[in-house]
Amino acid sequence: MSVPAGQLAYYKQVWSFVRQVPTGKVVTYGQIAQSLPEPLTLDIDEQALPAARLVGSAMAASPADVPWHRVINSQGKVSNRPEANKQVQLLEAEGLSFLQGRIDLNQHQWHGSNQADQPKLQQLF
DNA sequence: CGCTTGACCGGAA
DNA sequence: ATTCCGGCCAAGC
């Protein structure tokens, strides 16, 4: 009881987060990992960086109702995978602009209800 | 049960 | 800018 398989619970959190991402916005694996409440088995304090890999694994098993294409890496580019090309097309279809093969995270990265994740950038001019 | 890979991240050379 | 390394967890063979 309590704390089932574990990873499955974490996966659900990831999917839930991705499902909240609106059209035309993107999120990074690290962002998700850091935005999630608690990685269960992970006793880390504030280091959710390695958890980003779990997010990738979770996305690998993400159901069809999850906009997986809105999840990109911290580099602002789509992950290296056969479907990456398709992901770019989907993002472009949502109105996203690719600059030199990468997206401007500062402008397109979606910030959930978690404002603690907001970048320190304030000068959009 | 043990080793290898993986839709990652950050830092250093 | 690119390339290499270490780190953490889970799934596959």
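A, B, ... follow the sequence lines: proteins, then strands. Residue 1 opens every chain.
Here the C1' atom of nucleotide B:dC9 and the CD atom of A:Q75 are 9 Å apart, to the nearest Å. In this structure, A:N73 places its CG atom 9 Å from C1' of B:dA7, rounding to the nearest Å. Whole-Å rounding puts the A:Q31 CD to B:dC9 P distance at 11 Å. Per the geometry, CD belonging to A:Q34 stands 12 Å off P belonging to B:dC9, to the nearest Å. Distance, A:M59 CE to B:dA7 C1': 8 Å, rounded to whole Å.
The aromatic ring centroids of A:W110 and A:F17 lie less than 6.0 Å from each other.
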Table of protein N/O atoms under 3.5 Å from nucleotides 11-13 of chain B N/O atoms:
none

Using a cut-off of under 3.5 Å, enumerate the N/O to N/O pairs linking the protein to nucleotides 3-5 of chain B.
none

Using a cutoff of under 3.5 Å, can you pull out all pairs of nitrogen or oxygen atoms linking the protein to nucleotides 1-4 of chain C, with atom names and distances?
from	atom 1	to	atom 2	distance (Å)
C:dA1	OP2	A:R102	NH1	3.1
C:dA1	OP2	A:R102	NH2	3.4

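Listed nucleotides: B:dG6, B:dG10, B:dA7. Nearest to the side chain of A:S74: B:dG10. Between C:dC9, B:dC9, B:dA7, one nucleotide has an atom nearer to the side chain of A:L54 than all others, and that is C:dC9. In the set C:dA11, B:dG10, B:dA7, C:dA11 carries the atom at the smallest distance from any side-chain atom of A:Y11.
Not counting sequence neighbours, the partners of A:Q75 by the side chain to side chain contact (heavy atoms under 4.5 Å, CB included) test are A:N73, A:K77. Residues that satisfy the side chain to side chain contact (heavy atoms under 4.5 Å, CB included) test with A:V88, not counting sequence neighbours, are A:V78, A:E92, A:F98. Legend: residues meeting salt bridge (charged side-chain N to carboxylate O under 4.0 Å, His left out) with A:R19, ordered by chain and number and at least two apart, are A:D65. Listed by chain and number, the residues in a side chain to side chain contact (heavy atoms under 4.5 Å, CB included) with A:S57 are A:Y11 (sequence neighbours excluded). In terms of the side-chain hydrogen bond (donor to acceptor under 3.5 Å, both in side chains) criterion, residue partners of A:S79 (sequence neighbours excluded) are, by chain and number, A:Y29. A:E94 pairs by the salt bridge (charged side-chain N to carboxylate O under 4.0 Å, His left out) definition with A:R70, not counting sequence neighbours.
Distance noted for atom P between B:dC1 and C:dC8: 22 Å (whole Å).
Residues A:V26 and A:L96 meet the side-chain proximity criterion, which asks for heavy atoms closer than 4.5 Å. Contact annotation: the side chain of A:Q13 never approaches that of A:S16 to less than 4.5 Å [non-hydrogen atoms, C-beta and beyond].
Pairs of residues two or more places apart, or lying in two chains, never qualify as side chain to side chain donor-acceptor pair (under 3.5 Å) while including a residue from residues 81-90 of chain A.
Proximity of a side-chain donor or acceptor of A:W68 to a complementary backbone N or O of A:A61 within less than 3.5 Å is not detected.
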